[in-house]
Undergrad: 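Sending over a structure as structure tokens; questions will come in a sec.
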Protein chains: 2
Amino acid sequence: MSSRGSNLNRPKAVTSVDVAAESGVSQATVTRAYSSPHLVSDKTQAKVFEAADRLGYVPNAIARSLKSQRTDIIGAVVPAQGEYWQGFLTATSQQLVAKGKQLLLFSFVSTDEVDEVLAAIRQYRLDGLILASANIEQPQILRTAQTGLPIVAFNQPAASGVVPSVSVDNKAGSQALAEHLVFQGARTVLFVGGMSHTSTDQLRYRGAAQALGGNGVACPYMEAGSYTYDAGFKAAGQIIEMQDRPDAVMVASDEIAFGVIDGLRLGGLDVPNDIMVTGFDGLPQASWAGYDLTTLVQSTPVLVEQTIRLLIESDSGPAERIAESPADLVVSGTLRLGRTTNNFERNDLKTG
Amino acid sequence: MSSRGSNLNRPKAVTSVDVAAESGVSQATVTRAYSSPHLVSDKTQAKVFEAADRLGYVPNAIARSLKSQRTDIIGAVVPAQGEYWQGFLTATSQQLVAKGKQLLLFSFVSTDEVDEVLAAIRQYRLDGLILASANIEQPQILRTAQTGLPIVAFNQPAASGVVPSVSVDNKAGSQALAEHLVFQGARTVLFVGGMSHTSTDQLRYRGAAQALGGNGVACPYMEAGSYTYDAGFKAAGQIIEMQDRPDAVMVASDEIAFGVIDGLRLGGLDVPNDIMVTGFDGLPQASWAGYDLTTLVQSTPVLVEQTIRLLIESDSGPAERIAESPADLVVSGTLRLGRTTNNFERNDLKTG
DNA sequence: TGACTTGATGAATACGTAGTCATATGGTGT
DNA sequence: ACACCATATGACTACGTATTCATCAAGTCA
């Protein structure tokens with residue numbers, strides 16, 4: 001009522017044409033002063049910037065994008081839940097800004113929304129897309145990739161056949177953990193996975209089973225049901241009731257592991273003296289004194305860096321590329337350090 | 001080398017003109033079929049969509065934005081660290097997508113980058129901006145607001161005088177916690193803040209001090225130095241060495257509180273029997289069995305909803321508005337429940 | 001039936017920038 | 001002094017869509 005229903009109360013937009021008039025040069029020169037300074041003499045450039053300052057001119061990225069066919073915006077599809085993703089987001093945002101790019105964030109709860117989200121993504125003509133959610137079906141990925149949008153999958157090894165992919169070396173990491181458990185005297189080990197159908201779960205389990213099998217240790221699999229604390233907590237309940245309780249539990253992710261630890265402790269077990277626990281991911285909380293979890297620390301910034309490089313240089317070389325990064329084994333309080341060596345005692349160990 | 005240096009290997013872009021030709025209507029009609037369907041007959045609309053499907057046409061949001069002067073993109077400036085922000089981001093992203101808008105994410109570590117980030121923001125002609133970082137100076141906010149960009153501050157009460165703001169009712173929440181502590185028999189309480197100069201800290205401390213003072217309980221202030229686990233852990237070290245150790249510690253945020261709890265426990269104290277602890281925020285981890293922290297649970301989705309409403313309807317009514325939301329007091333294991341009532345025993349209590 | 005309204009469509013243009021082409025200027029080599 | 005070249009700049013146009021404005025068909029009312 002009061003303000004006559006104009007939802008554009010913005011001051012008159014200042015354009016490069018206005019700056020051109022103010023500084024006495026052509027519009028083309030104004031543009032060049034910003035995007036191709038080497039084509040403009042120092043004197044003219046100064047003149048332009050002064051005029052721009054006076055008028056409060058800021059180049060319009062939308063118009064630039066329309067003309068140049070580049071938005072300088074990278075999209076990321078990230079699961080709505082999960083402690084793991086915080087680090088990914090901040091690392092990605094920062095590294096992109098450092099390259100003059102921006103991050104458009106998508107997340108969704110129900111998979112029904114995926115198509116809607118992908119449609120929105122296509123509309124924005126992004127320069128690239130990072131898929132960090134395992135909830136997207138291969139056909140959907142394929143269809144999106146066919147629009148010519150460069151896509152890189154992040155920590156989603158299953159997508160490797162479809163689009164370039166970056167992930168931690170799940171199998172090697174899991175092997176390293178398993179071997180260390182054997183070294184610490186574990187004779188019976190249980191693997192607690194998140195969701196058995198995910199490639200991440202499969203690789204981590206395979207690595208564990210192989211390493212343990214090679215040492216004559218069996219490794220049954222238990223599915224927590226999701227990659228959450230609660231799922232781990234419930235799994236712990238089942239573990240407590242097992243007849244032949246294992247020496248150690250290898251958990252597919254740190255967040256699940258926290259739930260497992262709390263559940264075991266609440267059930268009266270001593271971690272690590274009654275039962276050892278390992279995680280995977282290297283969340284900040286893993287190093288908190290309350291958990292002090294033995295885990296594999298992924299270097300998220302490094303993974304993100306590889307992802308961005310793959311995305312931006314996606315036109316060079318063959319389309320399909322896979323990068324696997326090693327993780328650092330950090331041995332902490334959730335293991336009994338009966339047998340220690342200089343290499344292992346609270347020390348980092350490259351697994352890759 | 002191999003692929004002749006074209007970084008635009010995308011298929012020929014399909015435009016509304018192509019669809020127009022394919023479907024035998026004008027370009028204007030194609031546009032209308034998408035953005036003003038009521039202006040197009042059902043028959044024509046079907047014809048257009050069929051042709052679009054055949055060609056794989058997707059409207060170009062960049063061109064639309066240029067013409068319509070609306071990007072449908074909301075920006076958010078969020079601190080790079082802090083467990084708290086994960087929930088904010090996912091809630092914001094989801095609620096925006098539900099309104100047909102997208103989220104452009106900005107985060108930064110050093111405050112030197114702020115100006116750079118703000119410049120990028122201005123270039124993109126966003127429809128609105130959510131400031132969730134306390135590290136932005138008022139002059140910078142003011143300058144950005146003067147461009148006509150609608151801004152709302154999120155959980156940053158200090159910005160209230162400058163831009164509309166949404167935050168949890170820090171003072172009332174803190175009072176509720178304090179009163180409950182008194183009710184539980186606390187006679188000496190220490191307040192551990194994050195950074196004393198932030199408005200959030202000040203309000204939470206003021207609420208606590210007032211409620212405690214009214215009950216004849218003193219409330220000294222200790223500064224942890226940052227809103228992190230590590231800062232809390234260190235603060236715990238100081239608390240342990242205090243001569244007159246308090247009955248209870250009120251901590252300014254959950255994340256700091258986790259550090260305090262772990263620090264106290266590692267120092268041999270029993271929480272809550274030797275010393276009680278409360279938090280603030282209601283992080284998911286607060287309800288984990290390992291901490292089971294008594295805290296104030298902010299309803300992030302509600303806060304975000306208010307924020308978005310304020311942002312989108314920012315042209316109606318006076319520019320300056322402040323919304324304060326109540327939080328839910330959740331009493332858990334970090335308190336001695338010596339005296340309990342039906343209201344308090346592991347129950348929620350509205351504080352607003 | 002003629003004047004008039006409503007609904008559906010096409011033609012034309014503007015949004016603000018970046019790149020192409022053409023032009024002008026000053027300096028270099030012989 | 002002439003041809004030549006590198007540098008600096010301006011005029012012009014295209015990017016793909018949304019929004020006038022104009023047009024035309026199909027009703028509607030008296």
Side-chain angles (χ1 to χ4, degrees), chain A residues 6-8 10-48 51-52 55-72 100 122-127 147-148, chain B residues 6-8 10-48 51-52 55-72 122-127 147:
Chain A
S6 153
N7 39 5
L8 285 183
R10 307 200 181 181
K12 71 296 171 203
V14 180
T15 74
S16 57
V17 176
D18 301 325
V19 177
E22 172 82 9
S23 57
V25 302
S26 70
Q27 177 270 328
T29 299
V30 174
T31 281
R32 282 192 276 252
Y34 283 92
S35 46
S36 321
H38 60 282
L39 294 179
V40 178
S41 73
D42 293 350
K43 220 180 70 183
T44 308
Q45 200 177 335
K47 213 165 44 174
V48 169
L55 300 178
Y57 169 73
V58 176
N60 186 323
I62 301 299
R64 184 203 313 139
S65 298
L66 180 59
K67 183 61 181 144
S68 66
Q69 305 291 64
R70 284 186 352 191
T71 54
D72 288 334
R122 292 190 57 187
Q123 293 203 355
Y124 278 97
R125 303 296 196 269
L126 304 178
D127 285 0
T147 65
Chain B
S6 154
N7 39 5
L8 286 182
R10 308 199 180 185
K12 71 294 173 206
V14 180
T15 74
S16 56
V17 176
D18 300 326
V19 177
E22 173 83 9
S23 57
V25 301
S26 71
Q27 177 270 328
T29 299
V30 174
T31 282
R32 280 192 278 253
Y34 282 92
S35 45
S36 322
H38 59 283
L39 293 179
V40 178
S41 75
D42 292 351
K43 219 181 69 183
T44 308
Q45 200 176 333
K47 213 167 43 174
V48 169
L55 300 178
Y57 169 72
V58 175
N60 185 323
I62 301 299
R64 184 203 312 139
S65 299
L66 179 60
K67 185 64 183 138
S68 67
Q69 307 288 63
R70 282 186 354 191
T71 53
D72 288 333
R122 292 189 59 189
Q123 293 204 355
Y124 277 95
R125 303 298 197 267
L126 305 178
D127 285 0
T147 65

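The chains referred to below are lettered A, B, ... by the order of the sequence lines, with proteins before strands, and numbering in each begins at 1. This is a predicted model, so every value here is computed, not measured.
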Undergrad: Expressed in angstrom and rounded to an integer, what is the separation of B:Ile62 atom CD1 from D:dA18 atom C1'?
TA: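 One finds 15 Å between C1' of D:dA18 and CD1 of B:Ile62, rounded.
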Undergrad: To the nearest Å, how far apart are B:Lys67 NZ and D:dT19 C1'?
TA: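 Atom-to-atom, B:Lys67 to D:dT19, this comes out as 6 Å.
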Undergrad: Output all residues satisfying ring-ring contact (aromatic ring centres under 6.0 Å, His included) with A:Tyr57, sequence neighbours left out; order by chain, then residue number.
TA: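 With neighbours one apart ignored, the set is A:Tyr34.
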Undergrad: Give me each pair satisfying salt bridge (charged side-chain N to carboxylate O under 4.0 Å, His left out) with a member in residues 28-46 of chain A, each pair once, sequence neighbours excluded.
TA: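 Residue pairs passing salt bridge (charged side-chain N to carboxylate O under 4.0 Å, His left out), neighbours aside: none found.
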Undergrad: So which protein nitrogen or oxygen atoms get under 3.5 Å of nucleotides 7-10 of chain D's nitrogens or oxygens?
TA:
from: D:dT9; atom 1: OP1; to: A:Ser41; atom 2: OG; distance (Å): 3.1
from: D:dT9; atom 1: OP1; to: A:Thr44; atom 2: OG1; distance (Å): 2.2
from: D:dT9; atom 1: OP2; to: A:Ser41; atom 2: N; distance (Å): 2.8
from: D:dT9; atom 1: OP2; to: A:Ser41; atom 2: OG; distance (Å): 3.4
from: D:dT9; atom 1: OP2; to: A:Thr44; atom 2: OG1; distance (Å): 3.4
from: D:dG10; atom 1: OP1; to: A:Ser26; atom 2: N; distance (Å): 3.4
from: D:dG10; atom 1: OP2; to: A:Ser26; atom 2: N; distance (Å): 2.9
from: D:dG10; atom 1: OP2; to: A:Ser26; atom 2: OG; distance (Å): 2.8
from: D:dG10; atom 1: OP2; to: A:Thr29; atom 2: OG1; distance (Å): 2.4
from: D:dG10; atom 1: N7; to: A:Arg32; atom 2: NH2; distance (Å): 2.7

Undergrad: So where does chain B start and stop touching DNA chain C, 5' to 3', when the test is distance under 4.0 Å to a non-hydrogen atom?
TA: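 Contact boundaries, 5' end first: C:dA8 to C:dG16.
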Undergrad: With DNA chain C as reference, determine whether A:Tyr57 or B:Val30 sits nearer its 5' end, using the nearest nucleotide of each.
TA: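 Counting from the 5' end, the first nearest nucleotide belongs to B:Val30.
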Undergrad: For A:Thr31, enumerate each residue passing the side chain to side chain donor-acceptor pair (under 3.5 Å) test, keeping only those at least two apart in sequence or located in another chain.
TA: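 Side chain to side chain donor-acceptor pair (under 3.5 Å) check on A:Thr31 returns A:Gln27.
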Undergrad: Test of understanding: with side-chain contact (heavy atoms from CB on, under 4.5 Å), list the residues that count as partners of A:Ser65, not counting sequence neighbours.
TA: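 Partners of A:Ser65 by the side-chain contact (heavy atoms from CB on, under 4.5 Å) criterion, ordered by chain and then number, come out as A:Thr71, B:Ile62.
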Undergrad: Taking side-chain contact (heavy atoms from CB on, under 4.5 Å) as the test, write out the residues that go with B:Ala51, two or more places apart.
TA: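 For B:Ala51, the residues satisfying side-chain contact (heavy atoms from CB on, under 4.5 Å) (neighbours in sequence not counted) are B:Val19, B:Glu22, B:Ser23, B:Arg54.
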Undergrad: Under the rule for side-chain contact (heavy atoms from CB on, under 4.5 Å), what residues qualify as partners of B:Thr44, not counting sequence neighbours?
TA: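 Once residues adjacent in sequence are excluded, the partners of B:Thr44 under the side-chain contact (heavy atoms from CB on, under 4.5 Å) criterion are B:Val25, B:Thr29, B:Val40, B:Ser41, B:Val48.
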Undergrad: Where do B:Pro37 and B:Ala33 come nearest, in terms of heavy atoms and distance?
TA: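 Scanning both residues, the minimum pair turns out to be CG-O, 3.8 Å.
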Undergrad: Once side chain to side chain donor-acceptor pair (under 3.5 Å) is applied, do any residues pair with A:Asn60, and if so which ones, sequence neighbours excluded?
TA: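 A:Asn60 satisfies side chain to side chain donor-acceptor pair (under 3.5 Å) with no other residue.
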Undergrad: Report the residue (B:Leu66 or B:Ser36) whose heavy-atom-nearest nucleotide on DNA chain D is the more 5′ of the two.
TA: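 Per heavy-atom nearest nucleotide, the more 5' residue is B:Leu66.
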Undergrad: Between the axis at one end of the helix from C:dT1-D:dA30 to C:dT30-D:dA1 and the axis at the other (five pairs apiece), what's the angle to 10 degrees?
TA: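 The helix from C:dT1-D:dA30 to C:dT30-D:dA1 shows an end-to-end axis angle of 30°.
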Undergrad: To the nearest 0.5 Å, what is the distance between CD (B:Gln69) and CG (B:Asp127)?
TA: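 If I round to the nearest 0.5 Å, the distance is 10.5 Å.
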Undergrad: Return the set of residues passing side chain to side chain donor-acceptor pair (under 3.5 Å) with A:Arg122 (not counting sequence neighbours), or none when no residue passes.
TA: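 Here no residue qualifies.
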